[in-house]
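One structure is given here, and the rest of the page talks about it.
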There are 2 protein chains.
Amino acid sequence: MDHPQPAPTRGRIVQVASRLFAEHGYHGTSMRDIAAAAGIRPASLYNHFPGKEDILLAVGHRYFATMWPALRAASEHPGGPLDRLLALISAATEVGRNHRYEHQALVGEMRLIRRTPALAPLVESGLACIALWHETIAVGQRDGVLRDDVVPAAATWLIFTAITGLVDQGHRSDVLGDPAVRTVSALCAVLVDGLRHPNTRTGTPALVGA
Amino acid sequence: MDHPQPAPTRGRIVQVASRLFAEHGYHGTSMRDIAAAAGIRPASLYNHFPGKEDILLAVGHRYFATMWPALRAASEHPGGPLDRLLALISAATEVGRNHRYEHQALVGEMRLIRRTPALAPLVESGLACIALWHETIAVGQRDGVLRDDVVPAAATWLIFTAITGLVDQGHRSDVLGDPAVRTVSALCAVLVDGLRHPNTRTGTPALVGA
DNA sequence: GTCTATAGGTAGATAGAC
DNA sequence: GTCTATCTACCTATAGAC
């Protein structure tokens, strides 16, 4: 291996930066804040990252390193496009919950990411994920099981923001001891029912996966 | 009248600040940026606002001054809870589109707003609006026309973020000359269909309002 | 790889002339 | 009400000892 052991400090920096970016935003978080949360001096951050932007880039890399394979696997789920769509929702929700701060940080800084050339890799990764959703939905529309008066991009956006809300809310639910699985089930029911073609409705679909 | 004519400069400041906050975030926008966009010197901002927070507060006030009466009227729409829900979606979408930057700025700075005591009035206004959604949805569930396995808060969040996406996307659609009304219709169809009680479905509901 | 010290720039906000 | 000039504090980033 060329990377025998990544320095634990670097990982800790990315971890605390994710949380701070999620809670206070990129511009609302200073290198001093990150250093203090990581238990080192501000100057030491520059032994691990060339600059602040590169920390956000690392946050995104860590996120997509988990999200991309999960979505990829879900998009190849056996069954019809409806099964694959449910698998995608389950996978994205689970990864989003397990990487809550990274998810929130990236969603909250979407405009900044699109605007900053150095963060272009994150845009690429995001587009690759979105393509999986689009294709699954498009196939569902072609097969007649999904309504075709909603463009795949709009359906994807609707699902994605719903998951973002779940990720957010999930934190509070976890604190209150409420198993969030029921919420995922409800989300799937509402969205997939709503997106289904009116002629093919048979009732509330069962929960798939997590 | 105690306020015979609000200085046009103050309104211009709020207007450009809305756009800057929406595009770059609160912390990503400096008083210098706002002053430059408003065509004045930074120091002159302080003749209209005590500080930066108060500009964000004014952005929120302007937003809710339109949103609150619109939702209020929609929630008293004649007909059943389903009609009122469609009226709420139409009203919120229209106001959100007409106050795009204010909407995006407030949504993007939700955490900051909740955290900052000086911005508490915005939290109160937001809660008042949310209460209208909750009540309408709760009545719909009691009447059996809306599925009751989704708590009103989750349904409200789902609708709200969908509208936020529409407000965002609406800008691009407008630029491309695509009438966004069709999108609102599709949004209503998907969400209301999905939220409907499975036993009461009769097909895609018609577009209401705008 | 972490530290102290600090550079160079920008932030929000103020003083006071006009 | 707008301006010029400026204050103080904080920002990202660097230099160089250990």
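Quick note on labels: first sequence line is chain A, next is B, and so on, each numbered from 1.
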Task: Candidate nucleotides C/dG1, D/dC3, C/dA13, ranked by approach to the side chain of B/Tyr46 - the nearest - done: C/dA13
Task: Nucleotide D/dG1, atom P - distance to CG of B/Leu45 in whole Å - done: 13 Å
Task: Between C/dG1 (C1') and A/Arg12 (CZ): distance, integer Å - done: 12 Å
Task: Contact residues, residues 29-37 of chain A to DNA chain C [heavy atom, < 4.0 Å] - done: none
Open item on the list: I want to verify a distance call: between D/dC3, D/dG1, D/dT12, whose nearest atom is closest to the A/Lys52 side chain?
Closed with: D/dT12
TODO: Rounded to the nearest angstrom, tell me the gap between atom CG in A/Leu56 and atom C1' in D/dT12.
DONE: 15 Å
TODO: Please determine, by modelled atom types, if B/His103 and B/Thr164 share a side-chain donor-acceptor pair under 3.5 angstrom.
DONE: yes
Task: Minimum heavy-atom distance B/Val150-B/Ala155, with the two atoms named - done: CG1-N, 3.8 Å
- [ ] Specify the separation, in whole Å, of atom CD1 of B/Ile40 and atom P of D/dG1.
- [x] 11 Å
TODO: Using whole Å, report how far OH of A/Tyr26 lies from P of D/dC11.
DONE: 13 Å
TODO: Quick one: list whatever passes side-chain contact (heavy atoms from CB on, under 4.5 Å) with A/Glu23, sequence neighbours left out.
DONE: A/Arg19, A/Tyr101
Task: Distance, rounded to the nearest Å, where A/Arg41 contributes CZ and C/dT6 contributes P - done: 15 Å
Task: For A/Ser75 against A/Arg84, the heavy-atom pair lying closest together - done: O-CD, 2.8 Å
Task: B/Arg10 versus B/Gln15, side-chain donor and acceptor atoms under 3.5 Å - done: no
- [ ] Could you check how far CZ of A/Phe49 sits from P of D/dT12, rounded to whole Å?
- [x] 15 Å
Donor-acceptor contacts under 3.5 Å from residues 132-140 of chain B side chains, at least two apart:
unit_1	atom_1	unit_2	atom_2	d
B/Thr136	OG1	B/Leu132	O	3.0

Task: N or O in side chain of A/Ser44 less than 4.0 angstrom from C/dG1 OP1/OP2 - done: no
